[in-house]
Undergrad: 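Just passing along the structure, written as structure tokens.
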Amino acid sequence: MSFSKEDILRIAKDENVRFIRLQFTDLLGTIKNVEIPVSQLEKALDNKMMFDGSSIEGYVRIEESDMYLYPDLSTWVIFPWVTDSRVARLICDVYMPDGTPFAGDPRGILKRCLQEAEEMGYTAMNVGPEPEFFLFKTDERGNPTTELNDQGGYFDLAPMDLGENCRREIVLTLEEMGFEIEASHHEVASGQHEIDFKYADAIKAADQIQTFKLVVKTVARQHGLHATFMPKPLFGMNGSGMHAHQSLFKGNENVFYDESDTLGLSKTARYYMAGILKHARAFAAITNPTVNSYKRLVPGYEAPCYVAWSASNRSPMIRIPASRGLSTRIEVRNPDPAANPYLALAVMLKAGLDGIKRQLDLPAPIDRNIYVMSEEERIEEGIPSLPSDLKEALGEMIRSHVITEALGEHALAHFYELKEIEWDIYRTQVHEWERDQYMTLY
């Protein structure tokens with residue numbers, strides 16, 4: 001919806017809103033907020049609310065800490081789960097004191113990439129995200145355990161699916177907050193769930209992913225459960241993905257559709273896909289940003305490990321859903337829900353635009369099950385693998401001119417530094433598996 005400043009002030013008064021959370025996202029994708037009383041709302045709507053950016057991961061140094069939050073009025077919503085002292089939310093862009101956008105703001109980075117698409121004649125990047133999550137039981141103190149809330153499987157229902165009531169309440173809460181929910185169901189793994197909401201333009205889609213995560217975690221906690229978007233919480237089970245359906249539009253025209261093509265795909269769609277495939281290894285550090293992400297990207301658990309595409313099977317990284325016309329799109333299947341959604345969409349868009357600009361050749365589709373192919377067969381077919389760990393992914397990212405340009409100098413330097421630290425801590429840690437393997441053997 002579209003709101004004016006006057007609309008928001010009137011609604012806040014009519015609905016007895018007492019507090020407003022000015023929300024933004026740090027470089028690692030964590031939601032941050034400054035909560036203000038309603039008496040400060042007008043000041044916030046005038047873009048005069050300042051905060052200390054030096055305390056936010058990947059932002060600025062202490063000697064340049066003053067930053068401003070510019071609320072996006074279209075993101076105004078009242079949280080339905082707070083009944084007394086009602087709380088509303090506004091998602092903000094981050095600005096410097098001189099009135100320029102902060103170069104390290106993830107939302108701003110996505111806007112820069114969308115501006116490039118606009119300069120090429122594309123008026124919208126539409127995105128339909130599919131973030132999956134697990135529900136775990138909590139202990140008597142409310143801390144998460146490793147015990148799943150059910151043993152259900154794909155599309156199961158109660159009594160096998162014990163997350164049904166929690167999931168239903170999540171859906172109702174999301175609808176109260178303006179989401180158009182298309183479906184919800186139990187996923188393949190025990191305790192794993194998916195709720196699909198309608199596609200939107202890229203900025204709104206990324207905003208919705210962040211809101212979705214907040215709602216899922218909040219409602220799960222009310223049910224005595226812990227919701228996690230960790231990509232691979234348990235060994236031997238499927239991990240959680242965040243498949244990203246995407247297409248480009250010029251006005252009301254989906255430029256990915258061509259009815260004369262055998263697959264209904266335009267040259268633009270094919271160039272875009274070629275760009276995604278070309279830069280997939282380089283943007284993996286953004287779409288799959290944690291040590292744990294690469295434990296999901298292994299054969300045998302329905303996650304894509306190989307850089308390929310197909311219209312007829314789900315083992316490659318890119319799948320072409322059956323719908324055509326305005327619904328023609330590509331589904332990029334490697335991202336996971338630990339990704340910062342603004343950065344993930346930015347690097348995928350940038351990769352696709354590079355494919356269009358350079359009119360990259362799209363490799364032949366791989367319509368066989370890649371998981372059962374030998375390494376020699378994959379090499380013969382020219383099918384690369386995604387990086388096997390975060391360290392490899394970071395090396396690919398830093399060498400890519402296209403992906404480093406998408407992120408910008410500030411975000412790239414800080415993201416790389418934070419992830420190098422993460423990798424080094426993981427690399428030097430002694431894990432339980434090592435003790436199990438070696439303690440008595442040596």
Undergrad: Classify the ring geometry between His410 and Phe102 as parallel (under 30°), tilted (30 to 60°) or perpendicular (over 60°).
TA: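 Perpendicular: the ring planes of His410 and Phe102 meet at over 60°.
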
Undergrad: Under a 4.0 Å N-O cut-off, is there an ion pair linking Asp354 with Arg358?
TA: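 Answer for the salt bridge query: yes.
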
Undergrad: Where does the angle between the aromatic ring planes of Phe24 and Phe51 fall among parallel (under 30°), tilted (30 to 60°) and perpendicular (over 60°)?
TA: tilted

Undergrad: Are Phe136 and His226 near enough that their ring centres are under 6.0 Å apart?
TA: no

Undergrad: Considering only NZ, NE, NH1 and NH2 on the basic side and carboxylate oxygens on the acidic side, decide whether Arg18 and Glu35 come within less than 4.0 Å.
TA: no

Undergrad: Output yes when Lys5 and Asp46 qualify as a salt bridge under the 4.0 Å nitrogen-oxygen rule, no when they do not.
TA: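 Salt bridge between Lys5 and Asp46, a charged N being under 4.0 Å from a carboxylate O: yes.
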
Undergrad: What I want to find out is whether Lys198 reaches Glu182 closely enough, with some N-O distance under 4.0 Å, to be called a salt bridge.
TA: no

Undergrad: Heavy-atom distance under 4.5 Å between the side chains of Gln222 and Thr218, does that happen here?
TA: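 When only atoms from C-beta onward are counted, Thr218 and Gln222 do touch, with a gap below 4.5 Å.
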
Undergrad: What class does the angle between the rings of Trp423 and Tyr426 fall in, given that below 30° is parallel, 30 to 60° is tilted and above 60° is perpendicular?
TA: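 Aromatic pair Trp423/Tyr426 classed tilted.
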
Undergrad: Do the side-chain N and O atoms of Thr290 and Glu422 include a donor-acceptor pair separated by under 3.5 angstrom?
TA: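 No, no side-chain donor-acceptor contact under 3.5 Å.
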
Undergrad: Side chain to side chain donor-acceptor pair (under 3.5 Å) with Glu409: which residues, sequence neighbours excluded?
TA: none

Undergrad: Between Tyr199 and Gln246, do the side chains contain an N or O donor and an N or O acceptor separated by less than 3.5 Å?
TA: no

Undergrad: Can you find a heavy atom in the side chain of Arg10 that is under 4.5 Å from one in the side chain of Lys13?
TA: no

Undergrad: Have Arg89 and Thr211 got a donor and an acceptor in their side chains that come within less than 3.5 Å?
TA: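 Result is yes, a qualifying pair exists.
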
Undergrad: Which of these, Ile36, Leu41, Asn33, sits in a side-chain contact (heavy atoms from CB on, under 4.5 Å) with Leu22?
TA: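 Answer to the side-chain contact (heavy atoms from CB on, under 4.5 Å) test with Leu22 among Ile36, Leu41, Asn33: Ile36.
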
Undergrad: Is it the case that Asp7 and Ser4 place a side-chain donor and acceptor less than 3.5 Å from each other?
TA: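 Yes, a side-chain donor-acceptor pair sits under 3.5 Å.
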
Undergrad: Just list the side-chain donor-acceptor pairs under 3.5 Å for residues 328-344, sequence neighbours left out, or say none.
TA:
unit_1 : atom_1 : unit_2 : atom_2 : d
Thr328 : OG1    : Gly325 : N      : 3.0
Thr328 : OG1    : Gly325 : O      : 2.9
Arg329 : NE     : His245 : ND1    : 2.8
Arg329 : NH1    : Ser327 : O      : 3.0
Glu331 : OE1    : Arg319 : NE     : 2.6
Glu331 : OE1    : Arg319 : NH2    : 2.9
Glu331 : OE2    : His243 : ND1    : 2.9
Arg333 : NH1    : Arg314 : O      : 2.5
Asn334 : ND2    : Thr287 : OG1    : 3.2
Asn334 : ND2    : Asn288 : OD1    : 2.9
Asp336 : OD1    : Ala338 : N      : 2.9
Asp336 : OD2    : Asn288 : ND2    : 3.3
Asp336 : OD2    : Ser293 : OG     : 2.8
Asn340 : OD1    : Tyr342 : N      : 3.1
Asn340 : ND2    : Asp26  : O      : 3.0
Asn340 : ND2    : Leu27  : O      : 3.2
Tyr342 : OH     : Asp207 : OD1    : 2.5

Undergrad: Give a yes or no on whether the ring-centroid distance for Phe249 and Tyr122 is below 6.0 angstrom.
TA: no

Undergrad: Does the plane of the ring in Phe212 sit parallel, tilted or perpendicular to the ring in Phe133? Use 30° and 60° as the thresholds.
TA: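 The rings of Phe212 and Phe133 stand perpendicular, inter-plane angle above 60°.
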
Undergrad: For the residue pair His223 and Glu169, confirm or rule out a side-chain donor-acceptor distance under 3.5 Å.
TA: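 The answer is yes; a qualifying pair exists.
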
Undergrad: Would you please name every residue forming a side chain to side chain donor-acceptor pair (under 3.5 Å) with Glu417, sequence neighbours left out?
TA: none

